[in-house]
J.: 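Here it is, the structure in full.
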Protein chains: 2
Amino acid sequence: MPDKGELNRQRIVAAANKLFYQRGYNQTSFTDVADAARIPRGNFYYYFKTKDDILAAVVDYRIEMITAMLAQWDAEIAAPRVRLQRFIAMVRNSGKELARFGCPMGSLNIELGKAQPALKAKARKMFDLFRDWLAAQFKLLGHPDAKELALHLLGRAQGLAVITQVYADTGFLNTELDQLEAWLDKYV
Amino acid sequence: MPDKGELNRQRIVAAANKLFYQRGYNQTSFTDVADAARIPRGNFYYYFKTKDDILAAVVDYRIEMITAMLAQWDAEIAAPRVRLQRFIAMVRNSGKELARFGCPMGSLNIELGKAQPALKAKARKMFDLFRDWLAAQFKLLGHPDAKELALHLLGRAQGLAVITQVYADTGFLNTELDQLEAWLDKYV
DNA sequence: GTCTATACCTTGATAGAC
DNA sequence: GTCTATCAAGGTATAGAC
């Protein structure tokens with residue numbers, strides 16, 4: 001069984017993960033995270049020395065989540081085309097959160113990309129996971145330009161996330177995702 | 001001729017506009033703006049009472065710029081299809097800035113959308129300008145679903161901006177814009 | 001491992017002399 | 001209109017008792 005320290009660490013990462021998504025990294029303070037995790041501020045530094053360390057742990061956590069999700073899709077779904085549909089279904093299921101807070105991957109990368117290059121490099125790895133997984137599916141479907149198609153789909157999803165957040169509405173998201181599904185069926 | 005106060009005000013807005021884009025709104029301090037505008041910190045408050053006031057002025061400034069640009073396109077270009085191509089050309093010409101700082105409209109809306117709803121409402125108006133102008137062009141081309149098409153094009157551009165910033169590369173941007181131009185020629 | 005207290009800095013913002 | 005001095009609040013981070 002995990003020791004108490006490890007449990008506290010996990011609580012902190014989970015709380016930070018949520019806050020960084022909902023408020024943004026720079027808009028979340030140490031105190032916010034400590035309060036949410038119900039860890040006294042002083043004790044906090046036993047687990048993480050700097051705020052950047054917390055972000056690194058949060059990104060690692062997200063990378064683990066994404067990796068596990070993609071592995072599960074691979075295990076559950078044999079057909080690449082259906083796997084791609086699963087990706088689109090995930091975006092659709094995230095509609096409510098997208099409308100409120102945008103894409104967790106996209107918004108973090110945009111925030112860090114402005115003036116925190118070291119942190120951004122780490123955050124970009126989340127994109128790499130999806131890009132490579134999508135490209136693998138397109139390749140299985142016999143597309144030589146698999147990487148371009150992967151970026152196309154990823155870019156479409158990011159654009160939808162932005163519009164959905166800007167207008168705080170999922171209507172456009174759903175019609176566009178319908179079109180993307182039709183495109184997958186017809187042309188891919 | 002404008003009085004000195006008005007000139008100072010304009011200098012502040014111009015400096016803030018640049019910094020809010022390059023660093024983000026919340027990551028830009030009063031001091032940053034004052035230094036960039038070369039206005040002593042104390043004197044600063046003669047022109048703007050709060051940071052939100054500066055943002056409001058910056059958004060108004062951007063709205064003026066966008067409005068003027070769209071009006072100029074309308075005046076210079078008669079054919080709606082060519083106007084739409086002009087929009088795509090603008091995105092293409094912004095490649096370098098997109099790679100470094102993302103889309104000025106998109107990144108601001110995403111940042112403010114997280115936890116500053118009042119400020120976000122104002123920032124969204126920039127999107128409205130483009131959406132309505134694009135919709136007008138599609139309508140002139142006889143499309144009953146002009147608003148959907150406008151949001152589609154706007155969303156595509158936003159998605160490209162995100163991918164371009166995440167990977168700090170304009171290669172994908174340009175190939176995708178080529179495809180968008182072909183789509184305009186063929187299907188619109 | 002846990003927690004209190006606190007140092008030290010930067011922030012947005014004000015007062016008031018000139 | 002301009003500028004100095006300063007404030008209170010909130011930020012990250014540390015020292016050290018328990």
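Chain A is the first sequence line, chain B the second, and so forth, proteins listed ahead of strands; every chain is numbered from 1.
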J.: Between D:dC3, D:dG1, D:dG11, which nucleotide gets closest to the side-chain atoms of B:Tyr47?
T.: D:dG1

J.: How far apart are the closest heavy atoms of A:Gln27 and A:Asp32, and which atoms are they?
T.: O-OD2, 4.0 Å

J.: Under the 6.0 Å and 45° cation-pi test, does A:Lys18 pair with A:Phe101?
T.: no

J.: Could you please name the option among D:dT12, D:dT2, C:dG12 that lies closest to any side-chain atom of A:Phe30?
T.: D:dT12

J.: Specify the closest pair of heavy atoms between A:Gln85 and A:Asp185, including all atoms of both residues, with the distance to one decimal.
T.: NE2-OD1, 3.0 Å

J.: Find the distance A:Asp32:CG to D:dA13:P and express it as a whole number of Å.
T.: 14 Å

J.: Measure from the side-chain heavy atoms of B:Tyr45 and tell me the nearest of D:dG1, C:dA13, D:dG11.
T.: C:dA13

J.: Rounded off to whole Å, could you give me the CD1-to-C1' distance for the B:Ile54 and C:dT11 pair?
T.: 13 Å

J.: Which atom pair, heavy atoms only, marks the closest approach of B:Glu111 to B:Tyr25?
T.: OE1-N, 3.0 Å

J.: Expressed as a whole number of angstroms, how long is the span from B:Leu7:CG to D:dG1:C1'?
T.: 14 Å

J.: Can you check whether A:Asn8 has a side-chain N or O nearer than 4.0 Å to OP1 or OP2 of C:dT2?
T.: yes

J.: Can you tell me how far P of D:dC7 sits from CZ of B:Arg41, to the nearest Å?
T.: 17 Å

J.: Among the candidates C:dT11, D:dT2, C:dT14, find the nucleotide nearest to the side-chain atoms of B:Ser29.
T.: C:dT11

J.: B:Arg38 has an atom CZ; how far is it from atom P of D:dG1, in whole Å?
T.: 20 Å

J.: Would you kindly give the CZ-to-C1' distance between A:Phe44 and D:dT14, to the nearest whole Å?
T.: 15 Å

J.: With respect to the side chain of B:Tyr46, which nucleotide from D:dG1, C:dA13, C:dG1 is positioned closest?
T.: D:dG1

J.: Over how many whole Å does the gap from A:Lys49 atom NZ to D:dT14 atom C1' extend?
T.: 10 Å

J.: Side chain of B:Lys51 only, please: which of C:dA13, D:dA13, C:dT2 is the nearest?
T.: C:dA13

J.: When the aromatic ring centroids of A:Phe44 and A:Phe30 are compared, is their separation below 6.0 Å?
T.: yes

J.: Please report, rounded to the nearest Å, how far the P atom of D:dA17 is from the CG atom of A:Asn43.
T.: 17 Å

